[in-house]
Novice: 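I'd like to ask you about the structure that follows.
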Amino acid sequence: MIAGFASSLYKKYQGSTFELLADTVFSALEMAGLDKNYVDGIYLTYLPGTFDGYANSHFFTNQVAQYLGIRPKFTQIFDYGGASALSMIHRAYKAIKAGEGETILCIVGGKATELRNKGVTVDAIDKAYPDVSLTPFDRLFRGLNDLNPVSDYALVANRHKYLFKSTDEQRALIAVRQRFNAMQNSKAMFRDPLTIEQVLKSPLVSYPLHLLEIVYPIDGFHVFVVSKRSSKSVLRNIDILGYGEAHWPFMPTELDEIVYTPAVESSKGLLNGKIDAFELYDSFTITVMLQVEDIGLAEKGKGGSFFENHDTTFKGDVPINTGGGSLNTGQPAYMSGGVILEEALLQLNDMADGHQVKGADVVFLNGIGGWNRSHSVSLVLGEKK
Ligand SMILES: CC(=O)SCCNC(=O)CCNC(=O)[C@H](O)C(C)(C)COP(=O)(O)OP(=O)(O)OC[C@H]1O[C@@H](n2cnc3c(N)ncnc32)[C@H](O)[C@@H]1OP(=O)(O)O
């Protein structure tokens with residue numbers, strides 16, 4: 001039912017965000033063999049500041065439809081940050097099965113350059129746009145000159161080291177393995193060989209996280225066309241074999257322990273049967289390590305040794321982030337969900353040139369998003385037998 005998909009990724013895109021969006025939408029529709037007039041629904045996610053620098057946009061889905069020249073029957077904004085892409089697909093399948101429409105565009109991305117130019121990270125956006133509220137407790141946080149979310153994940157990595165004796169080398173190994181996969185992926189931006197020493201020698205951004213353990217924000221979109229209409233699509237008839245989502249709207253100080261993510265709940269019961277590849281949200285190396293534990297590939301605290309004991313390259317016994325992940329493509333508009341979803345579809349359709357997992361029939365994806373890892377979405381894709 002995913003009939004087409006496309007991505008456009010740039011370190012710095014010179015045109016407008018809408019232009020970039022339209023290019024990607026029409027490429028995805030072309031793959032699906034569908035005209036824009038067939039589009040019934042538009043689902044999208046966006047973060048303040050990532051559409052030509054506007055902090056907020058009024059009736060935003062209407063603006064997007066207007067620019068694309070599409071007259072949809074329904075539109076919706078998804079607000080799970082990096083996890084939005086995966087939940088959109090699930091909602092689109094459900095809507096189509098319920099007969100609400102036949103074709104739905106799922107759109108993720110924007111431009112990171114405007115925020116970067118303002119010198120803020122995404123969760124510190126209130127420094128660039130004081131009217132954007134981040135939490136109901138904003139006043140408590142605005143005074144802190146931190147680098148959230150980098151500093152937040154650094155705190156977690158540090159806690160993980162303290163509790164479980166995980167090492168900087170183990171996290172660096174995750175970056176090295178992903179780079180190995182990226183070296184074979186023409187869509188990746190960073191493709192030079194990488195060693196553990198190079199990762200650990202890259203600048204320390206927020207202790208203990210180094211630059212090469214952190215996603216690099218770029219400009220770009222991913223668009224997925226979910227449709228039951230397209231007879232021209234050459235893609236396999238991929239179905240949703242498992243789905244879960246969980247939301248923890250808490251600040252770190254409210255959690256009993258910060259080394260867990262809501263993936264513990266969203267993935268419950270999904271890691272059964274044969275999984276050929278895993279696409280796990282990779283905002284930071286520590287994010288991948290946490291998910292390996294939280295989805296049940298390794299016991300809590302053993303994520304680091306899991307990577308030492310398994311070959312996680314696309315050729316390995318447990319392939320993880322088979323195209324190199326967003327650590328190597330760059331992170332479009334501060335969200336990696338589109339990157340992992342596109343890679344899963346390439347794998348499932350035998351289109352992952354150079355980095356194909358042999359016989360990839362089932363892929364497990366996990367997305368993490370929001371303030372302090374507040375959203376997790378788990379999705380298992382494959383053909384229903
Ligand atoms: C749910 C979530 O997804 S939470 C995560 C949301 N995303 C984020 O918060 C993004 C976090 N990352 C960042 O904000 C930025 O990458 C920072 C602040 C860590 C570093 O940014 P800067 O200090 O501006 O780095 P800068 O642009 O100077 O990069 C230096 C060089 O390193 C390169 N580089 C940066 N990160 C990486 C990386 N992960 N891999 C490879 N190269 C990289 C850049 O391409 C650049 O190369 P160039 O000099 O050839 O152009």
Side-chain angles (χ1 to χ4, degrees), residues 9-12 45 47-50 78-87 108-125 127-128 134 146-157 171-172 174-176 178-183 188-195 198-220 247-248 261-263 280-288 290-291 321 324-340 366-377:
L9 308 177
Y10 295 85
K11 200 163 183 178
K12 201 170 193 169
T45 183
L47 295 177
T50 62
F78 285 68
D79 200 20
Y80 300 168
S84 296
L86 307 189
S87 85
V108 203
K111 282 176 68 180
T113 39
E114 271 84 7
L115 280 184
R116 287 182 65 87
N117 291 343
K118 288 181 190 294
V120 295
T121 50
V122 66
D123 287 351
I125 187 177
K127 294 201 179 82
L134 295 174
D146 72 349
L147 195 65
N148 204 24
V150 183
S151 50
D152 169 51
Y153 278 87
L155 188 73
V156 175
R171 287 195 325 278
I174 297 174
V176 169
Q178 292 200 192
R179 179 62 64 84
F180 178 87
N181 291 339
M183 284 164 61
M189 187 174 289
F190 304 121
R191 297 183 66 188
D192 292 339
L194 186 64
T195 63
Q198 283 171 318
V199 176
L200 298 182
K201 277 197 179 141
S202 67
L204 191 60
V205 177
S206 184
Y207 179 83
L209 297 182
H210 301 80
L211 187 71
L212 299 184
E213 300 184 67
I214 300 174
V215 276
Y216 189 69
I218 59 164
D219 300 342
H247 308 280
W248 291 358
T261 70
L280 306 179
Y281 202 84
D282 65 334
S283 45
F284 306 94
T285 49
I286 184 66
T287 324
V288 182
L290 295 181
Q291 287 165 102
N321 293 346
S326 62
L327 279 173
N328 293 299
T329 57
Q331 187 182 45
Y334 301 90
M335 293 174 288
S336 302
V339 175
I340 59 175
N366 203 85
I368 299 280
W371 252 93
N372 308 111
R373 303 165 297 291
S374 39
H375 309 289
S376 176
V377 174

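We're numbering straight along the sequence, starting at 1. Ligands are counted one by one from 1 in listed order, and the atoms in each one are counted from 1 as well. The analysis underlying the following values was restricted to heavy atoms, covering all of them including side chains, and did not include hydrogens, waters or symmetry mates.
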Novice: Can you find an N/O atom of Thr121 closer than 3.5 Å to an N/O atom of ligand 1?
Specialist: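 Between Thr121 and ligand 1, no N or O pair is found under 3.5 Å apart.
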
Novice: What is the minimum heavy-atom distance between Gly324 and Asn181, and which atoms define it?
Specialist: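 So the minimum-distance heavy-atom pair works out to N-CB, 3.6 Å.
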
Novice: Considering non-hydrogen atoms of the protein only, which is the closest contact for atom 20 (C) of ligand 1, and what is the distance?
Specialist: Leu211 CD1, 3.6 Å

Novice: Under a 3.5 Å distance rule, please check whether Gln291 uses its side chain to pair with a backbone N or O of Thr287 as donor and acceptor.
Specialist: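 Checking the backbone N and O of Thr287 against the side chain of Gln291, a donor-acceptor pair under 3.5 Å is found.
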
Novice: Show the atoms of ligand 1 that are less than 4.0 angstrom away from any heavy atom in Arg179.
Specialist: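 Those atoms are 40 (N), 41 (C).
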
Novice: Could you grab the distance from atom OG of Ser84 to atom CG of Leu47, nearest 0.5 Å is fine?
Specialist: 7.5 Å

Novice: Heavy atoms of the protein only: does one fall short of 4.0 Å from atom 17 (C) of ligand 1?
Specialist: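 Within 4.0 Å: no protein heavy atom nearby.
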
Novice: Got a donor-acceptor contact below 3.5 angstrom from the Arg171 side chain to the Ala157 backbone?
Specialist: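 Looks like no, no N/O pair under 3.5 Å.
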
Novice: Would a 4.5 Å heavy-atom cut-off, applied to side chains only, mark Glu213 and Ile286 as touching?
Specialist: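 Heavy-atom side-chain distance check fails, nothing below 4.5 Å.
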
Novice: Should the pair Arg373 and Tyr153 be classed as cation-pi, given the thresholds of under 6.0 Å to the six-membered ring centre and 45° from the axis?
Specialist: yes

Novice: So is there a nitrogen or oxygen of Gln331 less than 3.5 Å from a nitrogen or oxygen in ligand 1?
Specialist: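 Looking only at distances, the answer is yes, because the N/O contact criterion of under 3.5 Å is met.
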
Novice: Do Ile214 and ligand 1 have an N or O pair less than 3.5 Å apart?
Specialist: yes

Novice: Indicate yes or no for a side-chain donor-acceptor contact from Asn366 to the backbone of Tyr281 under 3.5 Å, with no hydrogens or angles considered.
Specialist: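 No, Asn366 side chain to Tyr281 backbone: no donor-acceptor pair under 3.5 Å.
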
Novice: Considering non-hydrogen atoms of the protein only, which is the closest contact for atom 15 (C) of ligand 1, and what is the distance?
Specialist: Pro217 CD, 3.7 Å

Novice: Mind checking whether Ser336 has a heavy atom under 4.0 Å from ligand 1?
Specialist: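 Contact absent.
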
Novice: How far is atom 28 (O) of ligand 1 from the closest protein heavy atom, and which atom is that?
Specialist: Arg116 NH2, 4.9 Å

Novice: When you measure from the heavy atoms of Gly82 to every atom of ligand 1, does any distance fall below 4.0 Å?
Specialist: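 Under 4.0 Å: no for Gly82.
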
Novice: Measure the distance from atom 36 (N) of ligand 1 to every protein heavy atom, then report the residue, atom name and distance (to 0.1 Å) of the closest one.
Specialist: Tyr216 CD1, 3.4 Å

Novice: Ignoring hydrogens, tell whether any protein atom lies closer than 4.0 Å to atom 23 (O) of ligand 1; use the non-hydrogen atoms only.
Specialist: no

Novice: Give the residue, atom name and distance (to 0.1 Å) of the protein heavy atom nearest atom 2 (C) of ligand 1.
Specialist: Tyr281 OH, 3.5 Å

Novice: Please say whether Val215 places an N or O atom under 3.5 Å from an N or O atom belonging to ligand 1.
Specialist: yes

Novice: For atom 38 (C) of ligand 1, find the nearest protein heavy atom and state the residue, atom name and distance (0.1 Å precision).
Specialist: Leu212 CD2, 3.7 Å

Novice: Kindly state if atom 44 (C) of ligand 1 has a protein heavy atom within a strict 4.0 Å cut-off, that is, under 4.0 Å?
Specialist: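 Looking at atom 44 (C) of ligand 1, one finds that a protein heavy atom does lie closer than 4.0 Å.
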
Novice: So how far is it from Ile218 CD1 to Lys111 NZ, rounded to the nearest 0.5 Å?
Specialist: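 These two atoms lie 12.5 Å from each other.
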
Novice: Using a strict 4.0 Å cut-off to heavy atoms of Ile368, name the atoms of ligand 1 that fall inside it.
Specialist: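 Listed by number with element, the hits are 1 (C).
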
Novice: When you measure from the side chain of Asn372 to the backbone of Asp152, do you find a donor-acceptor pair of N or O atoms at a distance under 3.5 Å?
Specialist: no

Novice: Just let me know how Tyr334 lines up against ligand 1, side chain, backbone, both or neither, with a heavy-atom cut-off below 4.0 Å.
Specialist: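 Contact part for Tyr334 vs ligand 1: both backbone and side chain.
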
Novice: Please identify which atoms of ligand 1 are closer than 4.0 Å to at least one heavy atom of Leu327.
Specialist: 39 (N), 40 (N)

Novice: To which protein heavy atom is atom 9 (O) of ligand 1 closest, and what is the distance rounded to 0.1 Å?
Specialist: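 That would be Pro149 CG, 3.3 Å.
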
Novice: Within the side chain of Asp282, is there an N or O that forms a donor-acceptor pair under 3.5 Å with the backbone of Ser326?
Specialist: yes

Novice: Check this for me - ligand 1, Lys11, N or O atoms closer than 3.5 angstrom, yes or no?
Specialist: yes

Novice: Working note: Gln331 + Ser336, criterion side-chain hydrogen bond (donor to acceptor under 3.5 Å, both in side chains); need CA distance, chi angles, decisive distance, verdict.
Specialist: CA-CA 6 Å; Gln331 187 182 45; Ser336 302; 2.8 Å; yes

Novice: Give the C-alpha distance, both sets of side-chain angles, the deciding distance and a yes or no for side-chain hydrogen bond (donor to acceptor under 3.5 Å, both in side chains) between Asn328 and Arg179.
Specialist: CA-CA 7 Å; Asn328 293 299; Arg179 179 62 64 84; 2.7 Å; yes

Novice: Side-chain contact test, heavy atoms from C-beta onward, threshold under 4.5 Å: evaluate it for Lys201 versus Thr195 and give yes or no.
Specialist: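 No, side chains not in contact.
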
